[in-house]
Amino acid sequence: MAVSARRVVLAGGVPAVVTDAPGSSRPPVLYIHGMFGGAWMFESFARRLAACGWPGAAIDLRGHGDGRRVPDVGRVSVREYIDDAMVAARALGRPIVIGHSMGGLLAQKLAEADAVRAAVLVCAAPPRGISPMSLQLLVRQATHLPALLRSRPLVPTRADADALIFNRVPSAEHDALLARLVAESGRAGRQLALGAITVDARRVRCPVLSVTALDDRFLPPRIGRAIARKYGADLREYEGHGHFLIGEPGWERVADDVAAWLAAH
């Protein structure tokens, strides 16, 4: 089935790329990107789910893509990103949420607020109580310490992106992907690193799926497993995949598995 995609501004002012699923009565899917990203990261993934009957809307958080302009992206808090996600969820009328990386943590907050019907957490950043740190991430973060501590914009380097985000993407595609990354909030990065965002698992009552990649060097699979334990969630692990699970070779299998899980729940 041919799937159309169009840019809209949802009620509340959050911009999104909407993928339609004509004739489907299924609830929409809200897609939330992670650090340095934008709605574009879910372009192919959302089209495939729409072809399976799941309409969707991939948003741009403030300071990203077409998202709300901010005077200093370095000072944006995770709470402000959560606000954007909540506005979008309300505009869509209690959707399903699929969040990648930092977007996975925002998805957990939506589930805690009972703002969504189900949550799929893809290589998700963890809430307080689950450490996001690994030796490789600590080494990479050292050069960004001034930006993290002083709430300045975090600018991804080619070396960081190649090592942590796109390690399972063909090298010929790296330049184009790197060109689409944007500066991130040092304040938000610090909050994530310090585990400043809490989620009360007792308030998460919707079905939850935690998806991990066994070669994820940004948020290792132990994090996805711990998240699954926290919520009593289903767990899917993918061998031969890295952090950019939603866009690297083989993403189609992941999308199909998520569509099947949604249909079952």
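What you see below is based on every heavy atom in this structure, not just the backbone, and it leaves out hydrogens, waters and symmetry mates.
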Identify whether [X] and [Y] are in the same connected component of the hydrophobic contact network (ILVMFWY, side-chain heavy atoms under 4.5 Å).
X      : Y      : answer
Leu30  : Ile96  : yes
Val155 : Leu148 : no
Trp54  : Ile59  : yes
Val70  : Val87  : yes
Val29  : Val8   : yes

Less than 4.5 Å apart, any side-chain heavy atom of [X] and any of [Y]?
X      : Y      : answer
Asp20  : Val3   : no
Ile32  : Leu110 : yes
Pro55  : Val18  : no
Ile165 : Asp160 : no
Val9   : Val14  : no
Leu181 : Pro156 : yes
His241 : Leu214 : no
Ile197 : Lys109 : yes

Nearest 0.5 angstrom please: [X] [atom1] to [Y] [atom2], how far?
X      : Y      : atom1 : atom2 : result
Leu177 : Phe244 : CG    : CZ    : 5.5 Å
Ser151 : Arg75  : OG    : CZ    : 5.5 Å
Gln108 : Ser210 : CD    : OG    : 8.0 Å
Thr212 : Ile227 : OG1   : CD1   : 9.5 Å
Leu178 : Asp162 : CG    : CG    : 7.5 Å
Ser44  : Glu252 : OG    : CD    : 8.0 Å

### Query
What pairs of residues pass the salt bridge (charged side-chain N to carboxylate O under 4.0 Å, His left out) test when at least one of them lies in residues 186-200, not counting sequence neighbours?
Asp200-Arg202
Nearest heavy-atom pair of [X] and [Y]: which atoms, and what distance?
X      : Y      : result
Asp256 : Arg48  : OD1-NE, 2.8 Å
Leu245 : Trp251 : O-CB, 3.5 Å
Pro15  : Gly67  : CG-CA, 3.6 Å
Leu10  : Ala88  : CD1-CB, 3.9 Å
Asp84  : Arg68  : OD1-NH2, 4.0 Å
Pro126 : Leu219 : CD-CD2, 4.3 Å

Can you tell me how the ring of [X] sits relative to the ring of [Y], calling it parallel under 30°, perpendicular over 60° and tilted otherwise?
X      : Y      : result
His64  : Tyr81  : perpendicular
Tyr31  : Phe45  : perpendicular
Phe166 : His174 : tilted

Can you name the side chain to side chain contact (heavy atoms under 4.5 Å, CB included) partners of [X], sequence neighbours left out?
X      : value
Met35  : Met102, Leu154, Glu184, Leu192
Pro71  : none
Arg152 : Ala147, Arg150
His265 : Pro207, Asp234, Trp261

### Task
Would you list the pairs meeting side chain to side chain donor-acceptor pair (under 3.5 Å) in which at least one residue belongs to residues 86-104, sequence neighbours left out?
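Every side chain to side chain donor-acceptor pair (under 3.5 Å) pair that includes a residue of residues 86-104, provided the two are not neighbours, is Arg94-Asp114, Ser101-His243.
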### Message
Just to verify, which of Ile246, Ile98, Leu235, Val120 counts as forming a side-chain contact (heavy atoms from CB on, under 4.5 Å) with Val211?
### Response
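Passing option: Val120.
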### Query
Would Arg6 and Val17 count as a side chain to side chain contact (heavy atoms under 4.5 Å, CB included) if you check the C-alpha gap in whole Å, the side-chain angles of each, and the deciding distance to 0.1 Å?
CA-CA 5 Å; Arg6 51 196 170 84; Val17 176; over 6 Å; no
### Query
So Arg168 and Asp216, salt bridge (charged side-chain N to carboxylate O under 4.0 Å, His left out) or not? Walk me through it.
CA-CA 9 Å; Arg168 282 290 182 168; Asp216 189 340; over 6 Å; no
Could you tell me whether the side chain of [X] and the main chain of [Y] form a donor-acceptor pair under 3.5 Å?
X      : Y      : value
Glu173 : Pro170 : no
Lys230 : Val199 : yes
Arg229 : Gly224 : no

#### Entry: Worked check of salt bridge (charged side-chain N to carboxylate O under 4.0 Å, His left out) between Arg7 and Asp66
CA-CA 10 Å; Arg7 281 206 164 266; Asp66 290 334; 3.1 Å; yes
### Task
Check whether the side chains of Tyr238 and Asp215 place a donor and an acceptor atom closer than 3.5 Å, and report yes or no.
no
